[in-house]
Protein chains: 2
Amino acid sequence: MFSIGELSKRTKVKVPTIRYYEEMGLLVEAERTSGNQRRYDKAGLERLSFIRHARDLGFSIEAIASLIELQDHPDRSCEAATDIAVAQLADVRAKIKRLKLLEKELARISKSCDGQGVSEDCYVLASLADHELCHREH
Amino acid sequence: MFSIGELSKRTKVKVPTIRYYEEMGLLVEAERTSGNQRRYDKAGLERLSFIRHARDLGFSIEAIASLIELQDHPDRSCEAATDIAVAQLADVRAKIKRLKLLEKELARISKSCDGQGVSEDCYVLASLADHELCHREH
DNA sequence: TGTAATGTCTCTAGTGACTAGAGATTCAAG
DNA sequence: CTTGAATCTCTAGTCACTAGAGACATTACA
Ligand SMILES: [Zn+2]
Ligand SMILES: [Zn+2]
Ligand SMILES: [Zn+2]
Ligand SMILES: [Zn+2]
């Protein structure tokens, strides 16, 4: 049994974040000492590691809640887990696609002005004012 | 002179968002009718178009405020504008880099389970539980 | 001119995933 | 037993909006 600070160190999840996850229902309410402080065991550590890893991969709290629900019922079909992972992958790919378009336009815009002129003649400002100057939709 | 709804239609920025931009100081306070409704002219339209385009490119409200400040002083050096654009580009590139790492891991995880088994044996859940199974840092 | 439909006003509160801080209490080390 | 660090709860702030309530203004049409 260890404290929330110890759990925080081991998982690299900040203390207030751990409390937040508990409030959101991702972590079951921890046992308490007689003085009302939270105490955790191996199971608590594993669950928080799971949450942390899923968050690192970009899953939402809601998605993680579904995944944990599934984990708590080992006999259920895992179809939902795959669905969630596939959706997350699609989401990440969509974000990459969009960011690549932004990157192209921003690279063009950034390069177009060396910052040595005055605001009035600045191509950066002109480019932001007029989407027509962009080479593609974004 | 046209209404906020008309401005919204022309710029595709929602009405509450326009009011929000005004509150944030991105838009100067609009003229009002005798009945207290906002009225805009060409200058207001152009400024909102600028904001909208910059937002589409991912600039923060704060960055846009700086860019507008610069735009309002045509004689100033445009160095800050270039700096802001370069920083935004770096930010976008960093995001792409991170998302690509996630994409790799998520693709691997998604493919590893067809969703036909049970939760207990699910490779998706196992992969989320253990970062050691990941091929790289992310 | 009257009326009804639509638009607009301000204000508050909610979103997601935390983060920061106040003030009180508890724990662990010496 | 004292001291200092850790923990507790609670509220509020972050960013860029979005939603909704209830009141008032404008516009179109009869
Ligand atoms: Zn310039
Ligand atoms: Zn553009
Ligand atoms: Zn599976
Ligand atoms: Zn991993």
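- Side-chain contact, B:H131 with B:E137: a donor N or O sits under 3.5 Å from an acceptor N or O.
- Regarding A:F2, its CZ atom lies at a distance of 14 Å from the P atom of C:dA28, rounded to whole Å.
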- Task: Could you encode protein contacts along nucleotides 5-20 of chain C as a string, one character per nucleotide from 5' to 3', using B for base contact, S for sugar-phosphate-only contact and - for no contact, with a heavy-atom cut-off of under 4.0 Å?
- Result: --BSSB------BBS-
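- Using a cut-off of 4.0 Å between Lys/Arg side-chain N and Asp/Glu carboxylate O, B:E23 and B:R19 are scored as not salt-bridged.
- Taking the charged nitrogens against the carboxylate oxygens, A:R108 and A:E105 do have a contact shorter than 4.0 Å, which makes a salt bridge.
- A salt bridge does not link B:E29 with B:R38: none of the charged nitrogens is closer than 4.0 Å to a carboxylate oxygen.
- Between B:E103 and A:R93, at least one side-chain nitrogen of the basic residue sits less than 4.0 Å from a carboxylate oxygen of the acidic one, meeting the salt-bridge criterion.
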